[in-house]
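Here is the structure we will look at, set down as structure tokens.
Whatever order the structure lists ligands and atoms in, that order sets their numbers, starting from 1.
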Amino acid sequence: MEELLEELVEECRHYTAQGRLADYIPELTKGNISDLGIYVTRSDGKHYQTGDYKKKFSIQSIVKPILLLLALMDNGVDYVRSRVGVEATGKPFDAINVTDQTLLSEHLNPMVNMGAIAMCTLLKGADYQERFLRLLELTRTLAGNPEITLDESVYLSEKRTGNKNRALAFLLKTYGMIDDDVEDVLDCYFRACSIQVNCKDLANIGYVLANRGKMPQTEERLFPSRYANYVNAILMTCGMYDGSGEFAVKVGVPAKSGVGGGIMAVVPTRMGIGIFSPGLDEKGNSLAGIKVLELLSRRMYLSIF
Ligand code: GLU
């Protein structure tokens, strides 16, 4: 397995130059475009890694499945479903999804920004600081890494320049879908996106989803398996933005990407995969990361279809 990963990373390394660093969050332009790393956590307790797998990067949208999980753990499926829908928007992650002067909960998807901002309001906590800290704690637990922390400079960069997200949050407020102060909600969202992780963290988190709520080794149950079914189903249909259909055809497993260059893939019952390569394609997905996953899926028959 180690050799296979090395071979694939070598084979795909040249694709890194075809990607582009996200520049709408200025701090992300400091990434190294040629980085490419992968970490695999398997159900037999073994793990394999190669390339730049130790590099840290901001989790960005890969926090969305964790946000959704915490919202489910705090409120149950019915309430979450009544506030944030499950249909794919088929639009870019920051799209303004308002039709005919109405915005309904069905129009929101938890894997794109508007739905994720709305989900911050579903987390339990005395204030948005506490809500974020609970999200950070769940991220640490899922990853088995108590040292995960916030990338302060990415957070400040997003907070300073995140006006599109502000527009989305004000639309939610206009349509009565959030009651709280918009800046408080956004602060939680910006912090959530700025959690700093590495490939191993993503592989471990993906593994818990693949193992339907149970931690590796100890088999301790963190959440009911039906929450994993819920999250994985949404990852399958919308985890890779408006590239999810093509990803389903070429790779065929639930996954989530982030504009920091990370991808978390969930291979049900078999493994969690964390990939990092910050050069993005035109949809905002890690370009070389997807190439590695395509080849890995073909070689190891990972597709669930
Ligand atoms: N923080 C980013 C934003 O809200 C997350 C986008 C992403 O990774 O898709 O614009």
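- Contact of the I66 side chain with the L138 side chain is registered, since non-hydrogen atoms from C-beta on lie closer than 4.5 Å.
- Every residue meeting the ring-ring contact (aromatic ring centres under 6.0 Å, His included) condition with F57, not counting sequence neighbours, appears here in chain and number order: F276.
- Within the 4.5 Å cutoff, the side chain of M271 has no heavy atoms near those of the K46 side chain.
- Under a 4.0 Å N-O distance rule, the pair R166/E183 qualifies as a salt bridge.
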Next item on the list: Carefully, step by step, assess V9 and I38 under the rule side chain to side chain contact (heavy atoms under 4.5 Å, CB included).
Entry: CA-CA 8 Å; V9 164; I38 182 167; 3.8 Å; yes
Which protein N or O atoms sit under 3.5 Å from any N or O of ligand 1? Give atom names and distances.
| residue | atom | partner | partner atom | Å |
| --- | --- | --- | --- | --- |
| ligand 1 | 1 (N) | Q60 | OE1 | 2.6 |
| ligand 1 | 1 (N) | E158 | OE1 | 2.8 |
| ligand 1 | 1 (N) | E158 | OE2 | 3.1 |
| ligand 1 | 4 (O) | N113 | ND2 | 3.0 |
| ligand 1 | 4 (O) | N165 | ND2 | 2.9 |
| ligand 1 | 4 (O) | Y189 | OH | 2.7 |
| ligand 1 | 8 (O) | S61 | N | 3.0 |
| ligand 1 | 8 (O) | S61 | OG | 3.0 |
| ligand 1 | 8 (O) | Y241 | OH | 3.3 |
| ligand 1 | 8 (O) | V259 | N | 2.9 |
| ligand 1 | 9 (O) | S61 | OG | 2.6 |
| ligand 1 | 9 (O) | Y241 | OH | 2.5 |
| ligand 1 | 10 (O) | Y24 | OH | 2.6 |
| ligand 1 | 10 (O) | N113 | ND2 | 3.4 |

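- Between I59 and V63, the closest side-chain pair of non-hydrogen atoms falls below 4.5 Å.
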